[in-house]
Amino acid sequence: MAAAARDHLPAAGLDEADEAVRGTCEDASVCKRFAVSVGYWKDPYIQYFVRQAKERKAPEINRGYYARVHGVSYLLKAFLKKTECNCQIVNLGAGMDTLFWRLKDENLLPRKYFEVDFPMIVARKIHNIKSKPPLSKPIMESHSGESLLIDSHSLDSSRYSIIGGDLRFSSDLEEKLKKHNLDIQLPTLLIAECVLVYMTPQQSANLLKWAASTFPVAMFINYEQVNMTDRFGQIMIENLQRRQCNLAGVEVCKSLDSQRERLLLNGWETAHAIDMMKVYSFLPQADVKRIEGLEFLDEKELFEQLMQHYCICWASKDSSNLGNVLQGLEGLASITF
Ligand code: SAM
C-alpha cells in the first residue's frame, strides 16, 4: 500500500493494520525460542515470554535468526566497550527481547536500558515479568533507591525501564522517556530490530531525525529487509500481505544504498549497511561451523536468497566530540565479527 494511502486509512483500518504489526512480535520471539531450543545460541529467558513453536522452523530460518542475533549483538557490544557501559540503550519496538537479562548476566548493563513498544505488547511483557521470578529478580537486584514504579503499561526501575507508546509519534516518545529518567547527555545506542519497515518512510525518517537531533553522542542499529524490489522480495511482501501485514516502509528497503541514504539524510554523520549473507560470513567461523552441524540444510540457495534480503545498518554521530566516544566505530565496516 502506498504510504500516502496508509496515512489516510480510517481509524478502524489502522487498528487492524497495527494489530498485524503487533503480531510480528509473537512471530519473532517464537522463532527465537525455537532456534534457542535447537542450540543455535543460549538464551535462558526467552522461554518465559513465549510458548514453544508447535512445528519445527526450517533450518534456513534458524540460521537467519542466529545471524541476526549475533550481528546486532556484535555491534552493540562494540558500543558498550567503547563507552565502558557508561551509556544508555533504547530498544525501539523491543517486543519480547531478552537483551536486558542477557547483558546483566554478562555484567554488561548500561547505566540504563529502555524498551518501547505498543502499550498492548508492553502490558503482556510486564505481566510476564511480574509473574515470573527469573525475570523480576534481575530487575530487583539491579534496582536501588526508591520503590520501583510499575503499572499495566510501564515499569521503571533504576536500570531497566519499559514504556508503552507509538514510535510514530516521537514527541510523545521523548516525553515518556524523560519521565523514566532518560539522560540525553549520555552516549545513547538506539536499536530497531525489524521495526522501521512497519512505518511509512516519513514516520521512520521522523524517528531517526528525532534521535539524531536529541542525543549529542549516539549510535543507531537497524536490522530489516533489503533488496525488496526483485522477485524474491515481492514474494516476501505478498506472503506478509496475505496475513494482513503491510510493510509500509518497504520503499526504503530497496537497496543497501537507500538504507544508508535514509540515515545520512536524517541527521546521522556516518552510515553503513551490509546484507546478512555478508554478516554470516563475518561471524566467528568456529561457531558457524558448530551451528551448521545442528541441522541439515537442504535449501542452500533459498538460505542465501533469504539472507540477501535482510541487512544490518548502523549509524553514528558525535557532534559534541565528547572525547570522541564513537571514534573507531565507523571502522566496523571492515569488520570481522
Ligand atoms: N525487536 C523485537 C525482536 O527483534 O525480537 C521485535 C520485532 S517484531 C518483528 C516488531 C516489533 O515492533 C513488535 O513488537 C511491534 O509491536 C513493534 N512496533 C512496530 N511498530 C511500532 C510502533 N509504531 N510503535 C511501537 N512499537 C512498534
Side-chain angles (χ1 to χ4, degrees), residues 3 6-7 9 14-36 40-41 43 45-50 57 61 64-73 75-76 89-102 113-126 128 153-154 162-174 176-177 189-208 210-211 220-225 236 239-240 243-250 253 276 310-312:
R6 193 177 189 280
D7 285 344
L9 270 176
L14 260 184
D15 276 355
E16 228 172 84
D18 286 354
E19 194 45 43
V21 170
R22 282 189 285 269
T24 65
C25 164
E26 174 93 357
D27 293 344
S29 34
V30 168
C31 287
K32 285 180 177 175
R33 176 165 177 181
F34 184 79
V36 165
Y40 281 83
W41 70 95
D43 182 347
Y45 302 102
I46 189 81
Q47 59 178 317
Y48 301 117
F49 286 115
V50 272
K57 302 284 171 192
I61 303 288
Y65 272 92
Y66 167 82
R68 163 175 169 175
V69 168
H70 282 75
V72 170
S73 166
L75 289 168
L76 86 89
I89 295 181
V90 184
N91 193 338
L92 304 164
M96 299 297 143
D97 204 304
T98 57
L99 183 60
F100 168 79
W101 291 268
R102 288 179 284 127
Y113 179 92
F114 298 86
E115 291 184 345
V116 184
D117 209 300
F118 282 119
M120 247 188 249
I121 301 286
V122 165
R124 201 186 311 157
K125 194 159 191 176
I126 291 178
N128 285 324
H153 293 110
S154 73
I162 174 165
I163 295 164
D166 190 327
L167 298 168
R168 293 168 294 193
F169 305 108
S170 40
S171 54
D172 280 8
L173 180 63
E174 180 166 345
K176 286 180 175 169
L177 285 164
L189 170 64
L190 300 111
I191 305 173
E193 194 181 318
C194 226
V195 176
L196 300 185
V197 71
Y198 300 114
M199 297 175 208
T200 65
Q202 187 58 52
Q203 290 161 343
S204 66
N206 289 345
L207 183 65
L208 287 165
W210 163 76
F220 201 105
I221 301 176
N222 176 35
Y223 168 90
E224 70 180 354
Q225 288 87 342
M236 285 167 69
N239 284 344
L240 278 161
R243 297 163 51 199
Q244 320 300 327
C245 191
N246 283 305
L247 298 181
V250 78
C253 303
M276 293 309 289
Y310 285 93
C311 65
I312 292 186

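Atoms within a ligand are numbered from 1 in the order they appear, just like the ligands themselves. Source: prediction; values computed, not measured.
Atom numbering of ligand 1 starts at 1 in the shown order; those under 4.0 Å from a heavy atom of K32 are 3 (C), 4 (O), 5 (O). Interface atoms of ligand 1 facing D166, defined by a heavy-atom separation under 4.0 Å, are 22 (C), 23 (N), 24 (N). Those atoms of ligand 1 with a heavy atom of V195 less than 4.0 angstrom away are 12 (O).
Ring orientation note: the planes of W41 and H70 are nearly perpendicular, at an angle over 60° on the 30°/60° scale.
Proximity of G165 to ligand 1 is established by a heavy-atom distance of less than 4.0 Å.
Here the heavy atom of the protein found nearest to atom 4 (O) of ligand 1 is R68 NH2, 2.7 Å. Closest to atom 24 (N) of ligand 1 among all protein heavy atoms lies L167 N, 2.9 Å. When only non-hydrogen protein atoms are considered, atom 7 (C) of ligand 1 lies nearest to E193 O, 3.5 Å. Nearest to atom 13 (C) of ligand 1 among the protein's heavy atoms is D117 OD2, 3.6 Å. At the top of the distance list for atom 8 (S) of ligand 1, counting protein heavy atoms only, stands T24 OG1, 3.4 Å. Looking at atom 19 (C) of ligand 1, its nearest protein heavy atom turns out to be V21 CG1, 3.4 Å. When only non-hydrogen protein atoms are considered, atom 22 (C) of ligand 1 lies nearest to F118 CZ, 3.4 Å.
Screening residues 26-36 for side chain to side chain donor-acceptor pair (under 3.5 Å) gives E26-R51, D27-R243, K32-E193 as the qualifying pairs, with residues at least two apart or on separate chains.
We find that D97 and R102 are joined by a salt bridge, their nearest charged nitrogen and carboxylate oxygen being less than 4.0 Å apart.
Only the backbone of A94 comes within contact range of ligand 1, with a heavy atom under 4.0 Å; no side-chain atom does. Neither the backbone nor the side chain of M96 has a heavy atom within less than 4.0 Å of ligand 1. Residue contacts with ligand 1, taken as heavy atom pairs separated by less than 4.0 Å, do not involve Q203 at all.
Between the side chains of N206 and S170, no donor N or O sits under 3.5 Å from an acceptor N or O.
No option in N91, I162, V122 other than V122 meets the side-chain contact (heavy atoms from CB on, under 4.5 Å) test with D117. Just one residue in the list V21, L167, D166 forms a side-chain contact (heavy atoms from CB on, under 4.5 Å) with M199, and that residue is L167.
No donor-acceptor distance shorter than 3.5 angstrom exists from the side chain of E115 to the backbone of A94, with no hydrogens or angles considered.
When G93, C245, G95 are ranked by how near their heavy atoms come to atom 1 (N) of ligand 1, first place goes to G93.
Minimum heavy-atom separation, H153 to A123: CD2-CB, 4.0 Å.
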Pair Y223-Y310, ring pair (Phe, Tyr, Trp, His ring centres under 6.0 Å): steps then yes or no: CA-CA 7 Å; Y223 168 90; Y310 285 93; 5.6 Å; yes
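V30 has its side chain out of reach of M96: every pair of non-hydrogen atoms, C-beta onward, lies at least 4.5 Å apart.
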